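One structure is given here, and the rest of the page talks about it.
Everything quoted here is computed from the prediction, not taken from an experiment. Counting convention: from 1, in listed order, for ligands and their atoms alike.
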Amino acid sequence: MSDQSVLAATLVEPGRYEVREYPLPEPAPGCVLVKMIASGICGTDKLTYQGFVGQYGGTPLSFPIIQGHENVGTIAAIGDREAITDFEGIPLRVGDRVVVGANVSCGECYYCRHDFPYYCCERTADYGNNLSAKNPPHLFGGWSQYLYVVPGSFLVKVPDELSSEMAVLTEIMAVTAGLDRAKQVSAFPSESFRFDDTVVVLGVGPLGMCHVMKARMLGAGTIIAIDLSDFRLDFAARLGADQVISASKTSAIERLSMIRDLTHGRGADVVVECAGVPEAVRESLELLRVSGLLVEAGNFSDMGEISISPHRHLCAKNVRILGVGGEEPAAYGPSMRQMARYANRYPLAEFVTHRFGLRQVDEAMRKSMAPDSMKVVIDPWN
Ligand SMILES: [Zn+2]
Ligand SMILES: [Zn+2]
């Protein structure tokens, strides 16, 4: 095996890719080699490419990096074992199609020992991100023909009825676990997210779009999508949004009055911020009704600060804010099964709008930032 070489798009420094050749590794005991099928471009990848490298609360990034953490592939080799089990206990063998969990938490820090999600871990290792390609066996990101899976990772078997391109959406769909958390809060009187609540999703790139779908699945009432791109708003309408508002044709004040008009003057019960710019957080707080709930999932990378009025935006409004730093492993399997279930109701097959090979990553990156794209994927064998 080891005299074979593997091609991987490697981010040498922010803004500069090189397709590099690496030796095909033999997986060590406890490790797995996955032959990649498809890997998505996530908002995080775009920000790393642009040099916004303050992520996961500041874990340093060490270049070069092979990006790609929304990974689908088939098991090519298992270190020292015939079979392993996936996150849900299903046996996995060579040839099985899997999604690779994007992160590996240490299991030993205070947060891990107390069952906090991976993004609270003090030493999380992240595929396509802080696992550097500098160190052998190098292949720690999905924009590569093979991905090397380290101990402590989790794999989830892809249901036969789910296409690999839809399975690429699993990780972002799993981030919508923020809405499941919001549902739990609704056990308290007068707290959202309740059945038939009005949900505003601010920013309907792929992450916002998954929140639109999830809000509907969880029993939202009116769903309102806001975005700069008409292309994305059209798609949001097809994925279940009842109302769409173009942020490029309205001012923040106009949007506020539109939301109030749709909610008997009160404002939204729930706002999900997925635009990923600091300014959108203030607007989200403005759009909420008194005692509303904000799910903040967009500002994953540090894009700076905003000013708010603690009195007007927080106290007087009595808001609840759920910061969401990532997804939960237990949400991968349900996300895949629900996407398969809803594939005949939503145009999920059109969610991936563009596919590029390893030598076209620059173009893929530019396309992923263009207003006429949704999920852009890298096919490393193209
Ligand atoms: Zn991501
Ligand atoms: Zn930990």
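Both tests hold for Lys183 against Phe193: distance to the six-membered ring centre under 6.0 Å, angle to the ring axis within 45°.
Note on Asp372 versus Lys367: salt bridge recorded, some NZ/NE/NH1/NH2 to OD/OE distance being below 4.0 Å. Salt-bridge annotation for Arg16 and Glu13: present, with a side-chain N of the basic residue lying under 4.0 Å from a carboxylate O of the acidic one. Using a 4.0 Å cut-off between charged nitrogen and carboxylate oxygen, Arg238 and Glu350 count as a salt-bridge pair. Here Arg181 pairs with Glu328 in a salt bridge; the nearest charged N to carboxylate O distance falls below 4.0 Å.
Distances from the Zn ion (ligand 1) to the N/O/S atoms of His69 are shortest for NE2.
Within a radius of less than 2.8 Å around the Zn ion (ligand 2), the protein N, O or S atoms are Cys106 SG, Cys109 SG, Cys112 SG, Cys121 SG.
At least one side-chain heavy atom of Met339 sits less than 4.5 Å from a side-chain heavy atom of Thr170.
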